[in-house]
Amino acid sequence: MSDIHPQAETQARPIVRIGRFLKDNPVIPLIALLLLLIGTLELMRPGIISPFWAGNTIKFAIPLAMLAACQVLTMLTGGIDLSVGIVATASAFVAATLTPLVGPVPAMLVAMAVGVVVGVVNGFGTGIARVHPLIMTLGTGLIASGCLQVYQRYVIATGTDIPAILEWLGTGRTAGLPNGIFLFVPFAVFVLWLMRYSGFGRLLFAVGSNEKAAQLSGVRSWQVLMALYVLSGLIAALTGLLYLGMIRAPSLSLANPLMLPSVAAAVIGGTSIFGGRGSFAGAIVGALILRVIETMLTLARMPEGARIALFGLIILAVTALYVRFTEQR
Amino acid sequence: MSFVRRNAWTLGLVALMVVLLGVTRLIQPNFGVSGLESLARAALPFAFATAAMAVVVIVGGIDLSVASMMAVCSVTAAVLMQTMGGVPAILITLAVGTLMGLINGVLIVLTRVPDIVVTLAMLFVWEGTALLILNSPGGIAAPFLREAIAGSVLIHGLPKALILMAIIVAVIWVPLKRSKLGLAIYATGSDENAAFRSGVAVGRTKAAAYAVCGLFSAFGGLSLLALTGIGEPVPGPYLLAAVAAVVLGGAVLGGGIGGLLGPIIAVFILRIIRTILTLAAVDPNVTTIVEGTIMVGVVMFGAFLMMRGRSPS
Amino acid sequence: AQDGGYTIGVSNTVQGNGWREEMICAMRAQALVEPDVTGLVVAHRNTDSAGQLEDLNNLIEAGVDAIVLNPSNPDALNSALEAAMAAGIVVVAVDAGVTAEGAYILSNNQEEYAYLGARWLFEQLGGQGDVVYMRGIAGVSADTDRDNGFKRALAEFPGIEIVHEVFTGWQQDQGKQQMFDFLATGIPFDGVWTSGIDNVIVDAFIESGAPLVPIVGADNAGFVGQLNSVEGLEGAAVTNPGSVGGAGIALAVDILNGEAPDDNTVLVDPVLWENVTEEGRATLEAAQNPNLDPEWPVSVTIPGWTDYTMEQIIACEGPGEG
Amino acid sequence: MTSQTDPMSSGVTDTLLDAQNVAKSFGAVRALTDASLTVRRGEVVALMGANGAGKSTFVKILTGAIRPDKGRVTIRGAEARVGSPAEARRSGLVPVYQEPSLIPDLDISDNLRLGDTNADTFRHWAAELGHPELRLDAMIRDLPLATLRIIDLARALASTPDVLLLDELTAALPTDLVERVLRVARQQAEDGRGVIYISHRFAEIAALCDRATVLRDGRSVGDVDIAPGIEDRVVEMMLGARIDLGQRAAETARPKPGGAPRLRVQNLAAAPKLIDASFDLHPGEVLGVVALEGQGQDELFEVLAGMRKPAGGTVEIDGAPALFRHPADAIAAGLKFVPGNRAEALFRERSVRENIAMPFSARARAWGPLRLRHEKARVAEAVERLQIDTRAQGEVQRLSGGNQQKVTIGRWLAHGVETLLLFDPTRGIDVRTKRQIYPLVRELAGQGAAVLYYTSELAEVPLACDRAVVIFNGCVVDIVEAVDATEERLMRAAYGLTSAEGAA
Ligand SMILES: Nc1ncnc2c1ncn2[C@@H]1O[C@H](COP(=O)(O)OP(=O)(O)OP(=O)(O)O)[C@@H](O)[C@H]1O
Ligand SMILES: Nc1ncnc2c1ncn2[C@@H]1O[C@H](COP(=O)(O)OP(=O)(O)OP(=O)(O)O)[C@@H](O)[C@H]1O
Ligand SMILES: [Mg+2]
Ligand SMILES: [Mg+2]
């Protein structure tokens, strides 16, 4: 029998209205979860929540959120960009090693060009040769890391130097906040604008939702994909530069550890890997959540195994709660 | 004709593999039985990881925790074999693997969190679990386990590792694919909504597919143990390799299409390329470039052929 | 390959890490200067023990005369190493040991490395105080060895407490972040021991304006530079030369030429360079090399073992290349 | 067979299915508020209602595809819990949903195996439904929509249902197949089973059904016996208002459009089915295309829309030869295509507004800022003109089938049309909207647009078109003036029974 709990007159009930509001603004429950985690952290280590801590958390969330932007944008089209970690690393390494040779500005330009080149190859592969983005970007990532290895042999003895502007962005603070926000805030505004209020952003959703329908609407999807992956490469290269300023240690694996978390931040923020659905605001909060969890676990005294496992469990719990709140699938 | 068309991709991969073996022989004329044997052994963990990944990709999901589950199984077996016989240890390990997979699947179904997120979280959970079981490399492999993959069987030049893998995969996959569950796995991956409406118990099907994934991961973990003789708690580089092999092998991310044969052949292709690069003494930095280029190139070339084949003119 | 000289195979499982890159370059440079070596086959990538087994088997297939490897694990590679030795191939493990019977080992003594640094740090603190213990990768042999050395030193100083123990994954960014987190808690500590992720730790102190505490790291170019230049930094660099790879090649050639050492195992014991005494500072200053990649250890040669010049290791070219 | 009809209970009651007071909300959208329905043995019940009235939702609830918020369902007098489609099938309720529910990546026989359907019985029904030589190893993804509908139905019939639920099955079927479906459905009822039948075509309802249950805004508003002349009454119940169902006014005798044709198609051929099509389409004209299933009309439209390369022949636009490599080329040349399968045209997870406005951003030079105000006004106008029910506009997939169809048309209304290629645009659209679409098409033509209009419903030709080309076996065999376009004449031509009167 189908006599289900009567749920009639739902519209009037305030709880349902709140539910609907949350559904329309899925980033709000995510922020609530972030605050919950911060509260837990404060309980664990009373006194840790300070401007200094907040500044650091934001500082380290910025590069993660920027790489997450690459994932959000590519995931909108049903893709993914697994080359961002190595592109960021290569960009940082190239900038640091070229600065003593050619000066900071040309060095940074060459570093950004690394992102463009990888982006063009990715765009060609996914948009024109129709290779699955996962394979394509994995492949270009491998190729790029090989090229980086070859490159590093030629600059072992040239020394490294970090452009002052990057050090300022990466390590400086203004009114307690990391200078990185001077880069990030305009960047975030741009990405949010791009996704919501630009024709290009709309096409990203369209290509990911139904490529055939996009075609029928007159969209040449290869153009969209080409522009998208170039943009993603540029963002990754820019992130690499910022990260270079932050860590101040050019290494051949500098930004590689950000790769998996960038995917995590995007999917925690409610972006679907199958395309057509995604939110950069969610990814930003996702990046902050990851950073807070990492801090919690760094400070917790327990075996490393338990720490890693707990990290996974918290991510799962957060996303499960989030899905429960917003009922989005 | 229709057989050829339906299996065009797999047949193409087989041809590529044969060509590559020929190239190997050309570069190193001494490449022979022992080379084949070590090739088959090296392919073992990749093949099982890929089989595991393929099953969940077919059901429309993805499992990022495959390598971590392999690590858990490898250390579990290594620890168990210190105190008990090899066979019970293997059985327990297989059960553990299946259980881990089942947990992944049930969590996906119950929480309704997307597969990639759940298994990303479980990647850490299982990795941590492996470290809790064994916080540094240790344990021991039963001697027969190491024997099982060493050398040839039946005729000289037929690597035991290859036969063992073929038997395990066939015994699990062939009946499964023919069964109602197998059909349900393909149906769910192809169109979950339509499958539900056709009467498929979608949730149970997914959970079962993940359990099979866990089972194959357990074999992957055991093969690591058989190869190295000890349990290592740190997950190896099997996740991305498995995804790449699955896609190279003709399965489609998103589900419903593909099998296990193509992906496993893709594993061998990737391994042979590795061998060729080492034999040819290619600069290791260039090796990475070549590997990436070949991976992308094969898929591009395949897509190009498919497009040519399809376009009516 | 007897007629035309030796071909040597190299196997390494970590790529994109300054220390390992220096090791590979040292191998190349030493092979170049060894008159008997005509070829080098290098398998160098990121992989696990099973992957290293694959590479070793491929090297055997390639018909090399000797294999010099940096083992991912002392016990896991025995099957391939035994097969190699059965085929008459000389096996030399560098950096860490292997348990295969008959293999030669030219190893940096990791336990000693940790012990030396930790003991210096604890002494520096007067045997009393709280330290931060920043390890490498959980579950990896080298980390376990170092942990043993660290714990041995700790046992000798009952007044020392560990306030934070964390794994950096041997990643610069992770280490820096973790140090920021520790500084944020406001819980004071008196010293830091790092497993080689060192210069970013100094940076973290400077950037957050926290007062410096004694820091122990490795002889990486970046950290050595800081020990020489950073105002108020007390610290010590423990040598862990990547050039041990070059020594491994030299050893392999000696063995091939019938000049095998009596003992199968040669431990390269680490040295500690601190900047609190005059002679310590002098050593550090002499060792410094600002042009070197900051991740590269400054001890680019091992006297008595390696024969190449600084230019040759930096050129990073083996026989038959360039 | 799996359907477990209990022979004991069949004598106890005549009522096969009884659903009372069913309600269902999707968030804020109340799809059903109070719906009731009864089916007795030997009865074909029509479920009627405007687009978005809740018919499909009702069917999905009855067959366990979605859970109701409340309501009571009894099957053969016993309270029934239908938790899933599988359970429904075991209770004897077998649906054919509005959208195909076959697995695209499996072949037919595997699709049958999935539901334990007997292949021989299935083959029998497929033959009965006009597909005698269906190959069971054909992949679903390769089959045309109409064939999928038939497979769906044959599969349902093969499990000998007690109650068969057909949700707009005939909307995508050509006329000849519709007749077969009606015959089979009637036979089911005569064999003592029940059928629930959903369609927006009154002719079908009148020919097939005994009774109609009418839904309005999710509520059952009445039950009427089908009798001649009942049409107006049903429509009034459906819409809550009277509308005029009269034929198009006698203004059919409009002046013949003269001058240069907008679109001239000559000897066009395209693999696999189109062999030789020639016709002219003038500005201000609505040119119908009439054909049975699979006569090459799909290829014709796809070539004109830039989705397929022609194998021969020429297409001229305003006198200049045109070759399209991509739909974007066709659009640039003013040819706007509304495909027959709405799934091909819609962005399921995106809003109504985005779906309609997409072509505004298509070209690279429009990738910058959206012109929000301009877009909003255009979209609002299209929604208004097509009366799209936008209660669930956040995601197009939540709209009812008919409203989704309207969105595909609305896109090009908003964008502006010069030449419109409509492939069966009234598929699944309710009476009222249909009556609005014909004048709309005429109005567009009146404003100078040229419209090519394929329809599977022959009765539409005189209502909407000026002339109609008839395609048979890949060739244009006849061109019929609207005044002469009686259903019989069109039918004969479509079966290739007229000698070609010469293609223009
Ligand atoms: N999943 C859903 N989420 C939100 N709203 C929905 C969903 N499914 C249906 N609706 C809404 O419920 C209402 C009834 O839809 P239903 O599909 O039952 O209409 P219908 O009578 O079948 O219409 P049509 O004749 O056009 O097929 C519509 O307003 C529709 O938008
Ligand atoms: N409860 C639900 N949650 C999520 N998606 C749903 C739900 N119900 C329906 N849908 C999806 O929304 C689509 C549109 O629903 P709607 O009721 O409008 O269907 P329809 O077009 O009238 O006919 P059909 O039932 O054949 O799809 C369905 O095809 C289904 O995929
Ligand atoms: Mg409907
Ligand atoms: Mg509907």
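Just so it is clear, the model here is predicted, and its values are computed rather than measured. Below, read A as the first sequence line, B as the second, and so on, with proteins coming before strands; counting in each chain starts at 1.
For chain B, no part of D/D152 is nearby; none of its heavy atoms comes within less than 4.5 Å. With a threshold of 4.5 angstrom between heavy atoms, D/L102 approaches chain B through N, CA, C or O but not through any side-chain atom.
With rounding to the nearest 0.5 angstrom, the CZ atom of B/R197 is 8.0 Å from the CD atom of D/E99.
B/Y186 is not listed as a side-chain neighbour of D/D105, based on a closest heavy-atom distance of 4.5 Å or more. Looking only at side-chain heavy atoms (C-beta outward), B/K180 and D/D116 come within less than 4.5 Å of each other. Using a 4.5 Å heavy-atom cutoff, the side chains of D/R155 and B/S198 are in contact.
Among all heavy-atom pairs drawn from D/I103 and B/D191, the shortest one is CD1-O, 4.1 Å. Contact between B/R178 and D/R113 at its shortest, heavy atoms only, is O-NH1, 3.3 Å.
When D/T63, D/N111, D/D110, D/I140 are compared by the number of non-hydrogen pairs under 4.5 Å with chain B, D/D110 comes out ahead. The greatest number of non-hydrogen atom pairs below 4.5 Å with chain D, out of B/G256, B/G189, B/S190, is found for B/S190. Contact count against chain B (heavy-atom pairs under 4.5 Å) is highest for D/P85 among D/P95, D/P85, D/P272.
Annotation: B/R204, atom CZ; neighbour count of heavy atoms from other residues, nucleotides and ligands within 6.0 Å does not exceed 12.
Formation of a donor-acceptor pair under 3.5 Å by the D/S101 side chain with backbone atoms of B/A195 is not found in this model.
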